[in-house]
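Excluded from the calculations below are hydrogen atoms, water molecules and symmetry mates; all remaining heavy atoms, backbone and side chain alike, are included. Predicted, not measured: the structure shown is a model, and the values here were computed from it. Note that ligands are numbered from 1 as they come in the structure, with each ligand's atoms numbered from 1 the same way.
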Amino acid sequence: MKVTVVGAGAVGASCAEYIAMKNFASEVVLVDIKEGFAEGKAMDLMQTASLNGFDTKITGTTGDYSKTAGSDVAVITSGIPRKPGMTREELIGINAGIVKEVTANLVKYSPNVIIIVVSNPMDTMAYLVHKTSGLPKERIIGMGGALDSARFKYRLAEALEAPISDVDGMVIAAHSDTGMLPLLSKATRNGVPVTEFLSEEQQNFVIEETKVGGATLTKLLGTSAWYAPGAAVSTIVHAIACDQKKMIPCSLLLEGEYGQSDICLGVPAIIGAKGVEKIVTVPLTEAEQAKFNEAADAVRAVNGDLKL
Ligand code: NAI
């Protein structure tokens with residue numbers, strides 16, 4: 001499996017590192033626009049190979065997309081991250097131009113590629129890739145729910161004082177501070193609903209901390225996070241590479257699922273060798289469906305700024 005990661009910054013490099021560490025890809029190509037940056041990151045990562053015991057070959061290029069030819073999967077992390085106090089939506093002006101150009105270059109050299117969109121505002125960037133790439137919908141995956149669900153499980157485990165592996169939960173809808181929908185009604189600890197263990201106050205705390213999970217880190221770090229985003233992307237790439245048919249919430253083009261159409265939003269899906277193998281419909285409560293619809297309205301308004 002050949003994987004291209006565009007953007008060798010914080011998230012792109014972290015993602016390349018996790019992919020290499022899992023040792024399932026033969027090749028990872030890092031692409032960046034900053035002269036020598038991707039080459040440097042690739043060399044640094046390659047010098048960890050003998051220490052960390054992986055055989056994945058990592059190379060870097062400053063914008064030469066011919067080096068990405070024949071990629072099975074490409075991850076788009078190029079663009080600017082948010083600074084403290086910014087929303088993801090404020091990044092659209094710069095990132096839309098970058099994502100559009102990068103997508104065209106990727107598809108030119110890898111017509112069969114599966115694209116994973118990471119750049120923010122992610123749901124809108126995934127929609128942009130659908131509108132401009134010409135790729136079938138099962139080959140475009142927005143990464144948000146995998147990360148947000150990991151943050152949800154972290155907060156649940158903390159509130160329950162339980163090991164993370166005992167906890168299961170999922171976040172759907174939009175990858176934004178207001179549009180995220182942590183499905184508390186379906187979260188479990190060893191199969192038992194978490195609502196049986198947590199007070200209402202604790203439940204609200206978990207939901208609110210999950211929704212502002214990215215903003216909390218941005219405040220602490222001065223820029224957005226990279227370890228968990230990189231790991232979340234690598235989980236999706238792994239599911240594709242090894243045809244795991246694993247259920248992962250991803251931002252996907254909806255055509256009637258969850259009552260929405262012509263929009264990318266986070267929903268659970270089976271991810272395997274073909275990319276999106278199936279969107280899974282989990283029954284939502286009336287209140288959850290209302291929140292899902294509200295998130296869709298907000299994303300649709302941001303999509304309008306693309307002026308497609
Ligand atoms: P960063 O600034 O560390 O890295 C971005 C890289 O993209 C830079 O090295 C830059 O030179 C490169 N770049 C810019 N224009 C390019 C172009 N036209 N072609 C190739 N490379 C180009 O930023 P970071 O922290 O890695 O974040 C990247 C993006 O991912 C941001 O938009 C951020 O908001 C988003 N993000 C999304 C998450 C998600 O869950 N979907 C989670 C975390 C970050």
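Protein heavy atom at the shortest distance from atom 5 (C) of ligand 1 is Gly79 O, 3.2 Å. Of all protein heavy atoms, the one lying nearest to atom 37 (C) of ligand 1 is Val118 O, 3.0 Å. The protein atom (non-hydrogen) at minimum distance from atom 15 (N) of ligand 1 is Ile98 CD1, 3.6 Å. The nearest heavy-atom contact from the protein to atom 9 (O) of ligand 1 is Asp32 OD2, 2.6 Å. Protein heavy atom nearest atom 29 (C) of ligand 1, with residue, atom name and distance: Thr77 O, 3.4 Å. Nearest to atom 22 (C) of ligand 1 among the protein's heavy atoms is Ser78 CB, 3.5 Å.
For the 3.5 Å distance criterion, the side chains of Thr188 and Asp168 fail to qualify, holding no donor opposite an acceptor. A donor-acceptor pair shorter than 3.5 Å can be found between the side chains of Lys22 and Ser234. Side-chain contact, Asn204 with Glu208: no donor N or O sits under 3.5 Å from an acceptor N or O. A side-chain donor-acceptor contact under 3.5 Å links Asp123 and Ser251. Side-chain atoms of Thr61 and Glu39 form no donor-acceptor pair, as typed in the model, at a separation below 3.5 Å. A donor and an acceptor atom, one from each side chain of Ser185 and Glu288, are located under 3.5 Å apart. In summary, the side chains of Tyr258 and Asn293 do not present any donor paired with an acceptor at a separation below 3.5 Å, with no hydrogens or angles considered.
Closest heavy-atom approach to atom 35 (C) of ligand 1 among the candidates Asn120, Val11, Ile116: Asn120. Summarising the contacts of atom 21 (N) of ligand 1 with Leu147, Ile33, Val5, Asn105, the nearest heavy atom is found in Ile33. Residue nearest to atom 25 (O) of ligand 1, selected from Ala10, Gly9, Gly63: Ala10 (by heavy-atom distance).
Counting the atoms of ligand 1 from 1 in the order shown, those under 4.0 Å from a heavy atom of Pro229 are 42 (C), 43 (C). Applying the 4.0 Å criterion to heavy atoms of Asn95 picks out, from ligand 1, the atoms 32 (O).
When the options Thr77, Leu106, Val99 are evaluated for a side chain to side chain contact (heavy atoms under 4.5 Å, CB included) with Val6, the one that passes is Leu106.
In terms of polar-atom proximity, defined here as any N/O pair under 3.5 Å, Leu91 makes no such contact with ligand 1. Of the polar atoms of His175, at least one N or O is found under 3.5 Å from an N or O of ligand 1, judged by distance alone. Taking any N or O of Ile80, backbone or side chain, at least one lies under 3.5 Å from an N or O belonging to ligand 1. Ligand 1 has no N or O atom lying under 3.5 Å from any N or O atom of Pro81, backbone or side chain.
For Phe37, every heavy-atom contact with ligand 1 shorter than 4.0 Å involves the side chain, none the backbone. At a heavy-atom cutoff of 4.0 Å, ligand 1 is contacted by the side chain of Val6 but not by its backbone.
Panel note: side chain Lys41, backbone Ala8; a donor-acceptor pair is recorded below 3.5 Å. Listed for the Thr235 side chain is a donor-acceptor partner under 3.5 Å among the backbone atoms of Ala231.
Judged as a side-chain hydrogen bond (donor to acceptor under 3.5 Å, both in side chains), the pairs with a partner in residues 134-149 (not counting sequence neighbours) are, in order, Lys137-Glu255, Asp148-His175.
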